[in-house]
Amino acid sequence: MVDWSSQEELILDSTVFLKFMHVLSGLYIWEVVTSLDFEWAFITGKKRFHYPAVFYFLNRYCLLFTMIGLLIALDTTTEINCQALYTFNQITGQASSGLASINLSIRTMALWSHHKYIVIPIIVIILGHWSLILQGVLVKASWIPGAGCQVTGSNNTILAATFIYSMCFDLVILLLSMYKLVLGVKGGRSQLMTLLFKDGLVYFIIAFLSNLLATVFIMLNLNAIMSVIFNVPAAIFSTIVACRAVRRLTNFSHRGPEVFSSTGHSFRVANPAASANTIGLSPSTAVGRGTIKHKSDLSDGVHVQMQTFTVADEDRLSDYNSEGETQKARVVADPEMGDAEISAEFKRPPY
């Protein structure tokens, strides 16, 4: 049986930790470099800056500075203040996990039209999460001649509580989003709703599993190194999937209107103007919220009755559009005329 406290095992674990952190650093730096075009779009003014982007950039660069600090701690050959450096790494690393949850929370609040009964509880949960993140020094490190900076201890109780809280927080966000996107939608889902559903589910699965792995090793408390070895992967994977979800949502664009039937099946209309003329509806016909328009052509024997409205939840999501496009209305045919729903375009939400 392995003696996790023996000097030989500690040296081996330190070597594994060193190589593992270098691999993870390379992975995250590659992720940052390959997505710099997103930042460049804000710098050049191609995308308008909105307040939710603050959390995206904080999430992204807090973790980048964490990885730089970790590489310095692992590779330096000159004696430094290891405790100060590891404290910085711990706070920024934990903050990146908290910011990843905030990025998904903002989308959920937008889905619920910023209803106070949803927003206030989420804010309270976020504050509770950060009260754990900012607990103080949870990892102890010291300079060991010939070995460099080494982790010598950790507060496993607070670390475990933080990861468990993160998992519960992500579960709450997932359930709120899924309820709104699945049970709160009648008929078929739009392309935007499908994107939100998939990204939210993927984020939860990856973040939950990575946080669970970190929690298991913290609770096992094999030794000081093995207790924290999976903390960094949990922060990295959570940040990557959260930031990718933000970018996908910002860059989202429709590929034409969608038609939803009462059975939930959908298909796209290739030429919106031609489709409108085919059923005898002029593309320039003015439509308003809660109005009914009639257009009939007795010579052609065509009579179309259309009811038009806009969806409040999607209007709320449009507040976060980074390019300031005009919200288009969703057009719904009278149930007696075929029970079909035509969605012209959703605006892009946050960022």
Side-chain angles (χ1 to χ4, degrees), residues 10 12-33 58-76 80 82-101 103 129-130 132-142 147-156 158-167 169-170 203 205-244:
L10 290 174
L12 177 61
D13 292 345
S14 297
T15 304
V16 172
F17 183 82
L18 173 69
K19 295 180 179 179
F20 189 33
M21 292 305 108
H22 278 80
V23 170
L24 292 174
S25 298
L27 171 65
Y28 187 69
I29 292 173
W30 172 82
E31 169 72 15
V32 170
V33 171
L58 283 175
N59 187 186
R60 189 169 161 88
Y61 288 100
C62 271
L63 187 57
L64 180 61
F65 291 138
T66 299
M67 301 314 298
I68 293 174
L70 193 57
L71 290 178
I72 293 174
L74 294 173
D75 296 337
T76 185
I80 59 174
C82 297
Q83 183 59 61
L85 186 55
Y86 267 90
T87 299
F88 170 81
N89 293 339
Q90 171 220 313
I91 293 176
T92 53
Q94 292 279 66
S96 65
S97 297
L99 289 164
S101 297
N103 278 319
H129 193 196
W130 279 84
L132 290 173
I133 290 173
L134 302 176
Q135 276 291 315
V137 179
L138 303 180
V139 177
K140 295 181 180 180
S142 60
C149 286
Q150 297 292 320
V151 177
T152 58
S154 61
N155 188 332
N156 291 341
I158 300 298
L159 284 174
T162 303
F163 282 106
I164 293 173
Y165 195 105
S166 297
M167 290 188 288
F169 185 13
D170 292 339
Y203 169 82
I205 292 174
I206 294 177
F208 184 87
L209 291 178
S210 57
N211 287 333
L212 179 63
L213 183 61
T215 304
V216 168
F217 274 82
I218 290 172
M219 299 301 292
L220 287 175
N221 194 23
L222 301 174
N223 56 47
I225 298 173
M226 294 302 294
S227 293
V228 299
I229 193 170
F230 286 105
N231 292 9
V232 174
I236 287 179
F237 293 141
S238 298
T239 297
I240 287 177
V241 292
C243 290
R244 285 195 175 192

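On a predicted model such as this, the values are computed, not experimentally measured, just so you know.
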Shortest non-hydrogen separation from L24 to M67 and the atoms involved: C-CE, 4.2 Å

Any F17 side-chain heavy atom under 4.5 Å of L74 side chain: yes

CG on L213 to CD1 on I218, rounded to 0.5 Å: 10.0 Å

OG1-CZ distance between T215 and F208, expressed to the nearest 0.5 angstrom: 9.0 Å

T92 versus C62, closest heavy-atom pair with distance: CB-O, 3.8 Å

CG on N231 to CG on N211, rounded to 0.5 Å: 9.5 Å

Nearest heavy-atom neighbours spanning I229 and M21: O-CE, 3.7 Å

Residue F65 excluded, over 12 heavy atoms near CZ under 6.0 Å: no

Closest contact, heavy atoms only, G98 versus H129: CA-CE1, 3.7 Å

Rounded distance (nearest 0.5 Å) linking atom CD1 of I133 with atom OH of Y165: 9.5 Å

Minimum heavy-atom distance between S227 and N221, given as atom pair plus value: OG-OD1, 3.3 Å

Minimum heavy-atom distance between Y28 and N59, given as atom pair plus value: OH-O, 4.3 Å

